[in-house]
Protein chains: 2
Amino acid sequence: METRRKAPIGRPRGFDADEALEHAMRVFWEQGYEGASLTDLTSAMGITRTSMYAAFGNKEELFRKALERYTEGPASYGARAMREPTARQVATAFLNGSVRATTRPGCPTGCLGVQGALAAGDPGRPARDTLSAWRDEHTSRLRDRFRQAVDEGDLPPGTDPGLLARYLMTVANGIAVQAAGGATRDDLQGVADMALLNWPPPE
Amino acid sequence: METRRKAPIGRPRGFDADEALEHAMRVFWEQGYEGASLTDLTSAMGITRTSMYAAFGNKEELFRKALERYTEGPASYGARAMREPTARQVATAFLNGSVRATTRPGCPTGCLGVQGALAAGDPGRPARDTLSAWRDEHTSRLRDRFRQAVDEGDLPPGTDPGLLARYLMTVANGIAVQAAGGATRDDLQGVADMALLNWPPPE
DNA sequence: CTCATTCGGTACCGATTGGTATCAAACTCT
DNA sequence: AGAGTTTGATACCAATCGGTACCGAATGAG
């Protein structure tokens with residue numbers, strides 16, 4: 001059972017695709033989809049246009065792959081928060097994570113999932129819709145998690161899981177906007193703390 | 001003292017500048033600064049490039065003037081909220097206003113002050129900074145209003161007016177992002193209501 | 001009327017946009 | 001070694017970007 005292919009045929013690529021994608025992600029994060037030109041992207045990635053098209057398809061696919069990497073990297077706090085034992089801890093971890101991720105030193109401020117493409121002209125429409133779906137998906141996961149918490153008695157019966165999820169996502173989105181505008185981590189942590197003061201008590 | 005100039009010398013302009021600015025505002029609102037091309041703008045304004053440059057300077061100045069118009073039009077709820085008699089009413093009017101303004105039928109969803117330019121490349125940097133300053137200015141006004149409320153005993157002593165202001169602005173920004181993603185007015189009203197549950201009681 | 005002044009339509013500018021054709025270099029397979 | 005396959009550098013594409021020169025059209029001043 002020797003199915004391993006150590007070297008695919010043809011000339012091997014002369015760059016690390018993961019590393020290149022990381023750089024592309026940061027450019028999109030900082031400048032947005034429309035604000036990031038292919039010249040910006042490829043020069044940050046350290047490769048030529050040709051290599052980028054061969055490896056990633058086109059600008060739109062590169063953006064989607066950068067978003068995936070973002071989800072598993074800087075935004076991984078989302079998935080992590082979902083595994084907290086109680087609804088309150090989920091909510092706290094989610095907001096605290098969003099504060100930290102949007103104000104991480106050495107990274108662009110704000111959230112790629114928000115400022116990557118919030119409003120756009122025709123060419124940026126697909127990217128905008130991709131991000132909108134991305135936010136909705138994470139909202140749904142929060143809602144499912146809170147629904148489970150209601151079922152488990154961790155939240156009072158009659159609690160609306162969808163409302164809690166949307167509330168948290170709204171605050172996180174606001175935090176992202178604030179961070180993009182230069183708000184500090186301490187400022188935003190105060191906001192996150194305040195946003196959780198009204199969290200429903202456990203059953 | 002007859003200083004009125006009914007007709008300035010030269011050929012009179014053949015369009016209504018206010019009306020043209022209104023259309024430009026909506027294009028920026030919907031597509032963002034970088035996503036709105038001069039062709040998009042001038043064709044929506046119903047004038048030629050030449051007329052636009054003569055009347056408004058350039059794209060950047062047009063954007064600033066569109067933002068002014070936005071402030072006095074769709075975003076006028078902000079100034080109105082500030083004149084409510086109590087801090088709680090100010091906060092309620094502010095969030096309710098933001099919900100209505102970001103989901104107004106017949107207008108683009110979301111907020112020009114957020115999605116107009118949240119992240120941008122080099123050419124959009126000035127617009128982005130303009131919007132950031134715009135948000136900061138409104139946050140400061142809220143803070144001043146709450147400081148006054150503390151002085152008047154309308155808020156408990158020791159309350160941090162800056163935190164309350166930033167909290168409200170954060171929620172409003174989040175509402176704008178949600179609206180841009182297609183959230184309905186009812187959804188967002190629920191979020192706004194929930195965000196005010198933890199509002200400090202009057203002294 | 002003539003002159004000065006302003007407006008606005010056409011036609012254009014250089015620069016940049018996202019995307020490709022071409023072809024030599026670098027590799028695996030037989 | 002020779003054939004087949006993939007990468008990547010150069011050089012290019014049409015389209016669009018924001019912005020402007022030019023000049024006739026339309027007005028008030030004299």
Side-chain angles (χ1 to χ4, degrees), chain A residues 2-21 23-24 27-28 31-66 117 120-128, chain B residues 2-21 23-24 27-28 31-66 117 120-128:
Chain A
E2 283 281 347
T3 50
R4 70 163 137 184
R5 311 188 156 232
K6 269 213 148 162
I9 61 180
R11 175 175 169 177
R13 68 165 48 127
F15 62 95
D16 183 330
D18 274 357
E19 200 174 322
L21 186 56
H23 285 111
V27 174
F28 279 131
Q31 312 197 358
Y33 178 79
E34 287 187 308
S37 71
L38 282 188
T39 304
D40 293 332
L41 290 163
T42 52
S43 74
M45 297 165 86
I47 63 179
T48 64
R49 289 160 120 74
T50 330
S51 302
M52 183 261 132
Y53 275 91
F56 300 101
N58 59 16
K59 189 185 179 184
E60 202 177 311
E61 286 186 37
L62 176 64
F63 182 73
R64 270 197 293 268
K65 280 159 186 161
D122 287 319
R125 218 49 65 87
R128 189 196 57 166
Chain B
E2 284 279 346
T3 49
R4 68 163 139 179
R5 308 186 161 236
K6 268 215 146 151
I9 61 179
R11 174 175 168 177
R13 70 165 47 126
F15 63 94
D16 183 330
D18 275 357
E19 199 174 325
L21 187 56
H23 285 111
V27 173
F28 280 131
Q31 312 197 1
Y33 178 79
E34 287 188 307
S37 70
L38 282 190
T39 304
D40 293 333
L41 290 163
T42 52
S43 75
M45 298 165 86
I47 63 179
T48 65
R49 287 161 121 75
T50 327
S51 302
M52 183 262 132
Y53 275 90
F56 300 101
N58 59 17
K59 189 184 178 184
E60 202 177 312
E61 287 186 36
L62 177 64
F63 182 72
R64 269 198 293 269
K65 280 160 185 159
D122 286 319
R125 218 50 64 87
R128 190 197 56 165

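Numbers restart at 1 for each chain; the letters A, B, ... are given by sequence-line order, proteins then strands.
Atom pair B/Phe63:CZ and D/dG19:C1' shows a separation of 19 Å (rounding to whole Å applied). At whole-Å resolution of the value, CG in B/Asp122 and C1' in C/dT16 are 13 Å apart. B/Arg49 has its CZ atom 14 Å from the P atom of C/dA11, to the nearest Å. For the pair B/Gln31 CD and D/dC17 P, the interatomic distance rounds to 10 Å; values are reported in whole Å. Nucleotide D/dA9 holds its P atom 13 Å from the CZ atom of A/Arg13, rounded to whole Å. A/Met52 has its CE atom 13 Å from the C1' atom of C/dT20, to the nearest Å. Atom P of nucleotide D/dG8 and atom CZ of A/Phe56 are separated by 11 Å, given to the nearest angstrom. The CZ-C1' distance, from A/Phe28 to C/dG18, rounds to 12 Å in whole Å.
The backbone N or O of A/Ala120 lies less than 3.5 Å from no partner atom in the side chain of A/Glu34, so there is not a single donor-acceptor pair.
Taking only side-chain atoms of A/Ile9, from C-beta outward, the nucleotide of C/dC29, D/dG19, C/dG9 with the closest atom is C/dC29. Of the listed nucleotides (C/dC7, D/dG18, C/dA26), C/dC7 has the atom at the smallest distance from the side chain of B/Arg11. In this structure, of D/dT27, C/dG19, C/dA26, it is C/dG19 that holds the atom nearest to the side chain of A/Leu38. Counting only heavy atoms from C-beta on, A/Tyr53 has its side chain closest to C/dT20 among C/dT20, D/dG18, D/dG24.
Under 4.0 angstrom from either OP1 or OP2 of C/dT16 there lies no side-chain N or O belonging to A/Ser37. The shortest distance between the side-chain N/O atoms of A/Thr48 and the OP1/OP2 oxygens of D/dA9 is below 4.0 Å.
The shortest side-chain heavy-atom distance between B/Leu21 and B/Met45 does not fall under the 4.5 Å cut-off. Between A/Leu41 and A/Arg49 the shortest side-chain heavy-atom distance does not fall below 4.5 Å.
Residue A/Tyr33 is the one, among A/Thr50 and A/Tyr33, whose nearest nucleotide of DNA chain C lies closer to the 5' end (criterion: closest heavy atom). When each of A/Pro12 and B/Pro12 is assigned the nucleotide of DNA chain D bearing its nearest heavy atom, the one mapping closer to the 5' terminus is A/Pro12. Map A/Ala54 and B/Lys59 each onto its nearest nucleotide of DNA chain D; the residue landing nearer the 5' end is A/Ala54.
The two residues A/Asp40 and A/Gly35 have their closest heavy-atom pair at OD2-O, 3.6 Å.
Below 30°, between 30° and 60°, or above 60°: for A/Tyr33 and A/Phe28 the angle between ring planes is below 30°, a parallel geometry.
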